[in-house]
Every structure is written in C-alpha cells, then in structure tokens.
Amino acid sequence: MSQEENAKPLNFIEAMIEEDIKLNKHGRRINTRFPPEPNGYLHIGHAKSICLNFGLAKKYNGICNLRFDDTNPVKEDVEYVDSIKEDIHWLGFDWEGREYYASDYFLQLYEWAELLIKKGKAYVCDLAAEQISEMRGTPSVPAAPSPYRNRSVEENIELFRKMRAGEFPEGSKTLRAKIDLASPNMHMRDPVMYRIIYAEHHRTGKQWCIYPMYDYAHGQSDFKEGITHSLCTLEFEVHRPLYDWFLDNIIDDAEVNRTRTRQTEFARLNLNYTVMSKRLLLQLVKENHVHGWDDPRMPTISGLRRRGFTPESIRNFAERVGVAKRENTIDVGLLEHCVREDLNQKAQRVMGVLNPLKVVIENYPENQVEQLDAINNPEDESMGTRKVPFTKTLYIERDDFMEEPPKKFFRLAPGREVRLRYAYFITCKNVVKNDLGEITELICTYDPASKGGNSPDGRKVKATLHWVSATENVKAEIRLYDRLFSKENPYEVPEGRSFLDNINPESLKITEGYIEPFVKTTSEKHFQFERLGYFFTDYDSTPEKLVFNRTVGLKDSWSKISSSQE
RNA sequence: UGCCUUGUGGUGUAAUUGGCAACACGUCUGACUCUGGAUCAGAAGAGUCCAGGUUCGAGCCCUGGCAAGGCAGCCA
C-alpha cells in the first residue's frame, strides 16, 4: 500500500476491515465476493459493487470470488452469465478461477435443510402462496400460525423428501423456517426456505424441482466459500437477522460463529438522467425504446463500453462516488468528467466536421494538395504526428461562422481573420447565399506566410478552427448520443404517465460527418474530434462505412456564454 | 401503523481520544494557450434536519421531536 493510499480517508467498510485485521478476526484473511443474479446485464451500479468488492480484496491482500446467485431457474440464463463475466473482465478484474454458483451448493443446502427439520427448526407447509401472504399479518399485527407448523420431525422429513422427489405439484408445498411469528421483522415470520419449481435450471438441468430461496442460500454460500465480508445493498438490511439465524442454527461451533462471514450493507448507486433498475432497463430493451442492452445510451456496462467509456474512467468514477449508507444520487456530470479526464490523456486527436460550411480559399492554387503536420495528442508527445491534407476548398463547422457576430464570439465572421488549425490564417472576404438567403459558402483568402499556423509578423488571431478538406476526406456516420432522459429524475411524471414519457427525444441523432483521411489508416478506436468531443468507433463500423459514437462532448464555454446571452 | 437505517455546501464523500467543518464534481473570476479543450491561480457557496441538555468547547455525547428510505414475493 502506498503512502498516498494510506493518507486517504477510509470509508466505513474499510474501517471495519482494518479493525477486523487488527483483532486478527479472520487470521488476516480477507475474502469478498461479487454475487450477481444472472437475470440481466450489469449496469454502472453493479460496477460500483464490483470495484468495491474486488478493490477491497486487492487493497487488503485478499481475494474476491465471483458467485452467481442462481436460485431461481425461471429468471436466469447462460446468456447473462456470459455477459456478466465479460463485463467484469473488461472492467479490469479477475476472480482467478473462483467462479462459483449458488447451485453448486444445492446438495449441501438440502442436507442442511434436513438438519434444521431434525432440530425442529423447519417444517413443510401446505399453504398456498396467497394464504401465506394473508396470514403473515402486518408489521404491527403478528402472523397467524400455519396449521402445519407443528408437524412431527418424521412427517416433515418424509414430506420434504417427497417434495424433492417430485411427488407434489408446483406451488403446493414449501419448506419454512420456524422462527417467530410475532417478530416486527417480517422476514423472521417463518420465511419460506424452499419452493417447488418444475423448471430447467441453466446449470443443474432437471436435477432439482425444489429450489432454495435467496435468504436460505446466500449466507450459507458465503460460509462455504469462507467469505469474511459479505457486502450488499441497503434493502438487505432487514434480511441480516435471517442471514445470521440460518448460520447460527446450522453451525454448532461457537468460535466459528464468532468469526464467520458477516453481512454489511451500503447504499446503492443512483445516477440522475437515467434509470438503474434491471426491470426498467429490461422494459426499455423489450419495448425497443433503445436498441438492446448495449445501446450506448444505456447505463449498462456493455452500453457504456460501446459508448466509448474506458474501464479506467469507470473505476475512477466508482472511487470518487465513495461508499456510505446514505441514499445518494450522483450527477452524471461526474461520470462524464471521469471519461474526459481519461480520454484527454489517451485519445488520438483528429479533425472532423459534422455540420459543414464550404470555404473556398480564392488565392490558393487550384489543384494543390499540401500535407500539413498535425500533433496526434498534445498530452502525450510519444503519440507523434500525422499529415493532414489541405486544399483550396474546405469544410468548417457551420457554428464557427456568424455573419453578425455577437460580443464574445471570437470565431470567423466577415472581414475577420482566424487560424485553421495546423494550417494557415484565413480571412473571410465574402459570404455566398442561395435564393433562400441561406449561407452556402464562404470566400476567403489565406496568408501563405502563416503556414503551420503562425504568422512571421507575430500577428495574433483570437480563434483556431478545425477544418477538413472538401476533397480529401472520408465520410462517416456519426451517432450523437445524449442523456437518455430529459428529466434529472425520470420517475418524476404527472399522474398516470410513466418514466417512458421522460425519454429524451434527442438522445440519439445520426448524422454524416467528414473526417480527415488519417482516421481510416489508424487502429486507434478512441478519438477526440478536435473542439467537438470524444468519439468511439462503433462495432458497426467497417472500412467501407465508418461509424463513430459520441462518447461525450468537450467542455464548451462558448455554449454557456451563448445560451446565457439569449 | 410496528421495526430497521439514514439526515453535513447544488451533488457526493470526509472530519481517527469532543478542538476554527475538509476534499472532489459543479458554479464563478483571472492567467496561459495553435482545441472557447487541457493546465494553472483564485473566489463564492454549508455552520452540520429541528429543539433542548452535558461541556471551557458538540457535526461527533445525552434527551425529545421531525424528515427521507427500507421491510408485509413461493424475486434477488
């Protein structure tokens, strides 16, 4: 551990771990786990948990397991386990072969269930789901006892074995823990441990027709793996007494129980301008509001990856949001800041014009093509330089010209001189318009002495524009992504409307752009289109048809000024 | 309604045996600049949910409120 890391304040989980280490609670052993249910794609909220669990293990010389919480075969699928593994690896973490499944422990769990039955701590209940629900009472009214609560151990064992053998129809019986019907904690009112489901499990196939509930599986799985710190989100807080109850009643060794796995809860990540629940993300996909789980507008890890986010930027983000127990909503601005910070250091610079305005340099030779030197990354000299072709007709960005420039607009205007990056100073001489009065092209002159971007007489210009040759360029499809929702809180809707009404209609704009030819010859994938933003080569991109996704725009102080002037 | 958890600048996160509330993002200045980017320098912005109490001194301790979230699936 470096001194710098040492100096950083600890979050409450780190403080707890350091205390445990000091007390030698687990013999200096630290073992965390990341326990996704394979029923959906991972999102940025999971990334926080992944960074936390794997990060803690790394920091304290421990290990972190990957464990799929696959106790509900009707919702789970291998498609999801594959994507989850890919995402974790992409984020830069490795479980080093410790890939486990709750379903690995089905037999052990079953045997422990028989143990609890024999101890008189569990019973087979014939009540239907609705009946159990009705009899459970309310937080202030105790539950009514199931009429099957006092079956003999022998009868319970026999029935439970028959459940396992497939002798009863789905939903007809459950195995319940016998705890406390009057507990103010609803989870302690004889919770269901096993239910009958005749569904094929993605790993165990048709081997089982009874499946353990989360509460009955999670703590024991942690215990089996020797997990020392079991971290989960706040909503599991009320489950902790149950987590402990099962282990307390299964394990007879007091010393083991003193030092065994313990659950600790932290607040999940929320981001504004997006939704984070798997259910809602699934709905967006199924109803085609987005183009799949990896749509670059999705807060999924695969979506962020396709958008052009880097693992480093996401890890950094997870670090900055911190870990605590209070509910929070992070500004997406922070996430965006983290990618810019990372990409600023790494991205290949390139010039591209998205909304072209034709410029003719009237005093430039007709068919001349000059190859000018351009710097690949001013933040990283080792990335070298490239050539950019300059010709008589060029494109500049329409936004970079104003016929009647307001105060503080420094760019091109009639009679004004600006620099074309890495090229020449040009002066706007004439504005050409069509019959509708729309500007169709600009007639400019250039100063041959300013080649490379500086004038020998020391003349200064106030602006530097990006540009691309109108004849020497490559066309590309540009996908301009923006926030998926136009409301900071997408759930905030008038009576009877849904979060879908808050989808930002401008979250995706597809346009065509002109990029300097270099973009076609490089193997780089992340680019900064100078003065525009960061762009990432989409999976759909081919040598014949380049496709770029806008990851995020550059910080733009002019847009602030111009919008405040309105 | 019962139980559990949480209340610190706009947003997050700190404040290690009580000792002038710190850091990041954002915002606003200014410098510099061949990206109105980056970088650098600086500023504004909370007196810690409220009310009492203990103390020389309370964000931290005590008492009483208030607010927000969670829990009543054979989901996780």
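Letters A, B, ... mirror the listed sequences (proteins, then strands); counts begin at 1.
Taking the six-membered ring where tryptophan is involved, the planes of A:His187 and A:His239 are tilted, since the angle between them lies from 30° to 60°. Ring geometry, A:His46 versus A:Phe34: the interplanar angle exceeds 60°, so the pair is classed perpendicular (tilted spans 30 to 60°).
Only the P atoms considered, B:U33 is 42 Å distant from B:A15, to the nearest whole Å. B:G53 sits 28 Å from B:C3 when the P atoms are compared, rounded to a whole Å. The same atom, C1', is picked in B:A72 and in B:G12; the two are 33 Å apart, to the nearest Å. Rounded to a whole angstrom, the distance from the P atom of B:G18 to that of B:A58 is 13 Å. One P atom belongs to B:U8, the other to B:A46, and the distance between them is 15 Å to the nearest Å. When the C1' atom is compared between B:A24 and B:G70, the two are found 29 Å apart, to the nearest whole Å. With P as the reference atom, B:A41 and B:U5 are 44 Å apart, rounded to whole Å. Annotation: B:G57 and B:C23 have their P atoms spaced 28 Å apart (nearest Å).
Using a 4.0 Å heavy-atom distance criterion, A:Arg411 is classed as a base contact. Nucleic acid contact class of A:Ala128 (heavy atoms, under 4.0 Å, all strands): base. Base contact: A:Thr174 has a heavy atom under 4.0 Å from a base atom.
Distances from the side chain of A:Tyr214 to the nucleotides B:G37, B:A76, B:C25 place B:A76 closest. Set against B:G26, B:A38, B:C74, the side chain of A:Asn344 has B:A38 as its closest nucleotide. Checking B:G70, B:U35, B:A24 against every side-chain atom of A:Glu235, the shortest atom distance belongs to B:G70. Here B:C4 is the nucleotide among B:G36, B:C4, B:C3 with the atom lying nearest to any side-chain atom of A:Glu237. Of the candidates B:G2, B:G26, B:G73, the closest approach to any side-chain atom of A:Met213 belongs to B:G73. Distances were taken from every side-chain heavy atom of A:Met186 (C-beta onward) to each of B:C74, B:C71, B:G12; the shortest belongs to B:C71. The side chain of A:Asp556 sits closest to B:G36 out of B:G2, B:G36, B:C74. If you check B:G70, B:C74, B:G36 against the side chain of A:Ala129, the one that comes closest is B:C74. Listed candidates were B:A76, B:A38, B:U35. Nearest to the side chain of A:His239 is B:A76. Each of B:C74, B:A72, B:U5 was ranked by its minimum atom distance to the side chain of A:Val192; first place goes to B:C74.
Between the side chain of A:Glu130 and the base of B:G73, no donor-acceptor pair of N or O atoms lies under 3.5 Å. The base of B:G36 has none of its N or O atoms less than 3.5 Å from a complementary donor or acceptor on the side chain of A:Arg531. The base of B:U5 lies outside donor-acceptor range of the side chain of A:Glu327, with no N or O pair under 3.5 Å. Between the base of B:U8 and the side chain of A:Arg326 there is a donor-acceptor pair shorter than 3.5 Å.
Across the protein-nucleic acid pair, A:Ile375 atom CD1 and B:G37 atom P stand 18 Å apart, rounded to whole Å. The CD1 atom of A:Ile561 sits 9 Å away from the P atom of B:C28 (whole-angstrom rounding). In this structure, A:Phe266 atom CZ and B:G70 atom C1' are separated by 15 Å, rounded to whole Å. Atom CZ of A:Arg349 is separated from atom P of B:U33 by 19 Å (rounded to the nearest Å). Atom CD1 of A:Ile197 and atom C1' of B:G73 are 12 Å apart (whole Å). What separates CD of A:Gln263 from P of B:G70 is a distance of 17 Å, to the nearest Å. As rounded to whole Å, 5 Å separates atom P of B:C75 from atom CZ of A:Arg195. A:Leu234 has its CG atom 13 Å from the P atom of B:G69, to the nearest Å.
Glycosidic conformation of B:G47 is syn; the angle stays within 90° of 0. Taking 90° from 0 as the syn/anti boundary, the base of B:G73 is oriented syn.
Aromatic rings of A:His218 and A:Phe236 (six-membered ring for Trp) have centroids beyond the 6.0 Å cut-off, not under it. Outside the 6.0 Å centre-distance limit, the rings of A:Phe527 and A:Phe535 are not counted as a close aromatic pair. A:Tyr123 has its ring centre no less than 6.0 Å from the ring centre of A:Phe160. Ring pair A:Phe223/A:Phe246: centre-to-centre distance not below 6.0 Å. Taking the six-membered ring where the residue is Trp, the centroids of A:Phe410 and A:Trp558 are separated by 6.0 Å or more.
Note on A:Arg136: a side-chain N or O is less than 4.0 Å away from OP1 or OP2 of B:C74. Listed pair A:Thr71 / B:A76 meets the phosphate criterion, a side-chain N or O lying under 4.0 Å from OP1 or OP2. Remark: A:Ser133 is not in phosphate contact with B:A72, judged by side-chain N or O atoms under 4.0 Å from OP1 or OP2. Taking 4.0 angstrom as the limit, A:Lys460 places none of its side-chain polar atoms (N or O) nearer than this to OP1 or OP2 of B:U33. A:Lys408 has no side-chain polar atom (N or O) that falls below the 4.0 Å cut-off from OP1 or OP2 of B:G36. Residue A:Lys560 places at least one side-chain N or O under 4.0 Å from the OP1 or OP2 atom of B:C28.
Comparing A:Tyr422 and A:Ser140 by the nucleotide of RNA chain B that holds the closest heavy atom to each, the one mapping nearer the 5' end is A:Ser140. Both A:Asp331 and A:Asp126 sit near RNA chain B, but only A:Asp331 has its closest nucleotide nearer the 5' end.
With a 6.0 Å cutoff to the six-membered ring centre and a 45° limit on the axis angle, A:Arg459 does not count as a cation-pi contact of A:Phe425.
No hydrogens or angles considered: nothing links the side chains of A:Glu76 and A:Asn39 as a donor-acceptor pair under 3.5 Å.
In this structure, B:A67 forms a base pair with B:U6, meeting either the Watson-Crick or the G-U wobble geometry with both donor-acceptor distances under 3.5 Å.
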